[in-house]
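Because the structure is predicted, anything quoted here is derived from the model rather than measured.
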Amino acid sequence: MVAVENVGYVILYVRDLEASAAFYRHVVGLPFKLRDAGYAEFVTGETRFGLLERSRASDLIRREPTEGGPAGEVLFLV
């Protein structure tokens with residue numbers, strides 16, 4: 001069995017980065033950390049919470065995301 005130390009990242013794939021980032025900033029109240037090349041990240045303690053434009057997800061997951069497919073990813077640090 002692998003011992004999970006913590007959740008390192010939670011990344012959601014979004015269609016509209018601007019609208020999604022505004023939601024997490026203004027409605028949820030997360031402090032904004034950075035934005036770069038279709039990615040936005042918020043200050044959330046030890047776990048990084050980010051938004052990635054769905055059109056750029058294929059670079060990360062090495063395949064085209066499909067409708068009804070993964071909405072994001074969770075990375076565990078072990």
Side-chain angles (χ1 to χ4, degrees):
M1 180 161 80
V2 176
V4 174
E5 292 181 20
N6 61 25
V7 175
Y9 288 86
V10 173
I11 300 172
L12 300 180
Y13 305 151
V14 298
R15 286 194 184 102
D16 185 335
L17 185 62
E18 290 301 320
S20 298
F23 171 80
Y24 285 100
R25 267 195 325 263
H26 302 300
V27 177
V28 178
L30 295 178
F32 186 72
K33 182 176 181 180
L34 65 93
R35 179 175 175 174
D36 183 39
Y39 177 77
E41 191 170 295
F42 299 86
V43 177
T44 54
E46 290 185 29
T47 301
R48 294 182 182 186
F49 175 70
L51 306 173
L52 181 66
E53 289 178 341
R54 191 176 251 310
S55 63
R56 295 180 175 266
S58 61
D59 296 338
L60 188 63
I61 61 175
R62 303 203 190 285
R63 63 182 167 80
E64 287 297 317
T66 57
E67 281 298 316
E73 52 191 86
V74 177
L75 292 96
F76 293 96
L77 300 179
V78 295

Subject >> Inter- and intrachain pairs under side-chain hydrogen bond (donor to acceptor under 3.5 Å, both in side chains), touching residues 22-31, at least two apart >> reply: none
Subject >> Least distance between heavy atoms, L17 atom then G38 atom >> reply: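 That would be CD2-C, 3.6 Å.
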Residues 41-51 side chain polar contacts: donor-acceptor under 3.5 Å, at least two apart:
{"from": "E41", "atom 1": "OE1", "to": "Y39", "atom 2": "OH", "distance (Å)": "2.5"}
{"from": "E41", "atom 1": "OE2", "to": "K33", "atom 2": "NZ", "distance (Å)": "3.4"}
{"from": "T44", "atom 1": "OG1", "to": "T47", "atom 2": "O", "distance (Å)": "2.2"}
{"from": "E46", "atom 1": "OE1", "to": "N6", "atom 2": "ND2", "distance (Å)": "3.3"}
{"from": "T47", "atom 1": "OG1", "to": "V7", "atom 2": "O", "distance (Å)": "2.9"}
{"from": "R48", "atom 1": "NH1", "to": "Y9", "atom 2": "OH", "distance (Å)": "2.8"}

